[in-house]
Structures are given as C-alpha cells and as structure tokens.
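In what follows, a single structure is set out as structure tokens and then discussed.
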Amino acid sequence: MTRLEDLTERYLAALRAAGGEIAAACQACVRVLPVRRAAIVIDEHDAGLQPWCASDPMSAGIEAAQATAGEGPAVDAVATGLPTGVADLTEIGGRWPGFTAALTRLDATGGMFAVPLHLDGVRLGALDLYRDIPGCLDPRTRTAALHIADLITAQLVLMGSTPCADQPMPSRVVHQAAGMIMAQLDIPMPDAYSYLRAYAFAHGLSLAEVADAVVARRVGFDLD
C-alpha cells in the first residue's frame with residue numbers, strides 16, 4: 001500500500017466516524033493531517049465564497065471574515081486554481097486589506113493554507129487548513145493536503161457540488177437577504193451581494209450577521 005493509499009483509507013475512516021457528510025470532512029482533515037483546524041468554502045454563484053463547514057469556532061470566524069471581505073487565501077486559490085498560503089495571520093501585510101481588517105476582531109494566529117477544490121476547470125471552492133503556529137506546510141503535508149482536497153472534490157461532485165439539503169443556515173440567510181435587497185432596490189443579484197458585503201465591512205459585522213438583520217427587517221436599503 002502506498003502512502004497516499006494509506007492516507008485515503010485513514011481519511012475515509014475518519015470521515016465515516018465523524019458522520020460521513022461533507023460537514024464531517026473538516027473534522028476528518030484535522031484527524032489525519034498535522035493541522036490544528038480546517039474549513040471548507042464553496043464558490044456560490046453571485047455570492048462568492050461562502051463558509052460550508054469548519055472544525056471549530058476560530059476557523060468559522062476566520063472564514064466569516066474572508067466571506068465578508070470577499071478576499072483572502074481561499075479567494076485567490078479558487079481564482080487561480082493554485083494553493084495559496086499565508087505564513088502568519090497576524091502579519092498579512094497589504095495583500096488582502098479587507099480580509100486583514102476583518103480579522104482584527106479575532107485573536108487569530110498561526111498559518112493558513114488554502115487548497116482549491118476544482119475538477120476539469122470547474123471551481124467548486126477551497127479547503128482551508130490552519131496551523132496553530134506561524135509557518136508554511138512542509139512538502140509532505142502539502143502533498144497530503146492536495147490529495148485530500150481531491151477526495152473532498154469527488155465527494156462534492158457525487159453530492160451535486162452544493163447540495164441544497166446540506167446548505168448551512170448562514171449561507172441560506174445570506175441568499176435570502178440578497179433576494180430581499182434585489183427586490184427592494186430593483187437591482188441585479190450580484191449588486192445585492194455587493195450591498196450586503198459593503199454594509200458588513202462598514203459596520204464591522206459578518207455577512208451572516210447583516211443578512212440576519214435584513215431578513216428580520218432590522219436593516220433596510222435604499223438607493224439614496
């Protein structure tokens with residue numbers, strides 16, 4: 001048995017132990033890879049990358065920040081089809097100013113490595129892996145991460161890429177809020193998501209928090 005075959009067996013066993021659904025993939029990654037946390041984001045039409053699952057509250061918070069800013073390692077990884085990493089989340093520099101600003105509310109440390117989930121040119125999303133200390137993934141772990149990303153991609157394809165039944169509640173609310181804004185302002189759907197994201201960034205909120213407020217009619221939009 002090769003090393004990658006052994007990794008496949010261990011990952012699938014960990015996936016089954018965690019429940020077998022796509023949300024279990026994050027927990028399985030943490031069990032079989034030398035990383036502290038993991039998350040999966042899905043590239044949704046018009047909405048951009050949306051968090052799908054996370055292994056813990058910290059990774060969920062970072063993914064929410066990335067979705068709100070509309071930029072970050074996973075966004076670049078999906079756009080380029082290439083793995084994208086940052087060695088230290090506390091020293092990102094000027095590469096992703098919106099993402100960096102959104103991270104200020106979190107006590108996020110360590111490194112982040114985004115692996116694109118794609119098949120035959122179709123961009124499904126990204127697998128984000130986190131180290132608890134600054135630094136990049138070593139070559140062996142990087143190879144393992146790429147292999148597991150392929151397994152997750154296959155799982156997504158079998159489930160229909162973004163199965164509605166498994167769509168996380170925050171993502172559903174974001175889509176509902178965007179639909180309400182589109183109707184309120186009579187604008188295209190991509191512009192409605194832009195309004196949501198801009199409001200979230202300006203008020204230091206996550207995309208999901210603003211979406212909740214819009215759906216509850218605590219926040220409204222007009223063209224003035």
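Every value quoted in this text rests on a predicted model; they were computed, and no experiment measured them.
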Backbone N or O of [Y] within a donor-acceptor pair of the [X] side chain at under 3.5 Å?
X: Ser55; Y: Ala38; answer: yes
X: Gln66; Y: Glu63; answer: no
X: Glu71; Y: Gly98; answer: yes

Let me check something: do [X] and [Y] share a hydrophobic cluster, defined by ILVMFWY side-chain heavy atoms less than 4.5 Å apart, either directly or through other members?
X: Val35; Y: Ile40; answer: yes
X: Val30; Y: Ile148; answer: no
X: Tyr130; Y: Leu33; answer: no
X: Val41; Y: Ile62; answer: no

Closest non-hydrogen atom pair, [X] against [Y]:
X: Ala145; Y: Leu129; result: CB-CD1, 3.5 Å
X: Gly19; Y: Ala24; result: N-CB, 4.2 Å
X: Ala14; Y: Val32; result: CB-CG1, 4.1 Å

Could you check Leu89 against Met112 for side chain to side chain contact (heavy atoms under 4.5 Å, CB included), going step by step and ending with a plain yes or no? CA-CA 7 Å; Leu89 288 170; Met112 177 179 178; 4.0 Å; yes
What distance do Leu4 atom CG and Glu9 atom CD have between them, rounded to the nearest 0.5 Å? 12.0 Å
Nearest 0.5 Å, what's the OG-CG distance between Ser59 and Leu106? 10.5 Å
Could you tell me whether Asp6 and Arg10 have a side-chain N and a carboxylate O separated by less than 4.0 Å? yes
Could you check whether Asp76 pairs with Arg95 (Lys NZ or Arg NE/NH1/NH2 to Asp/Glu carboxylate O, under 4.0 Å)? yes
List the steps and the verdict of side chain to side chain donor-acceptor pair (under 3.5 Å) for Thr153 and Asp150. CA-CA 5 Å; Thr153 298; Asp150 287 341; 5.1 Å; no
May I ask you to check whether over 12 heavy atoms, not counting those of Asp107, lie within 6.0 Å of atom CG? no
How about CZ on Arg31, more than 12 heavy atoms from neighbouring residues, nucleotides or ligands closer than 6.0 Å, or not? no
Using the rule given for side chain to side chain donor-acceptor pair (under 3.5 Å), can you reason through Thr8 versus His147, listing the C-alpha separation, both sets of side-chain angles and the distance that settles it, and then say yes or no? CA-CA 8 Å; Thr8 298; His147 181 67; 2.6 Å; yes
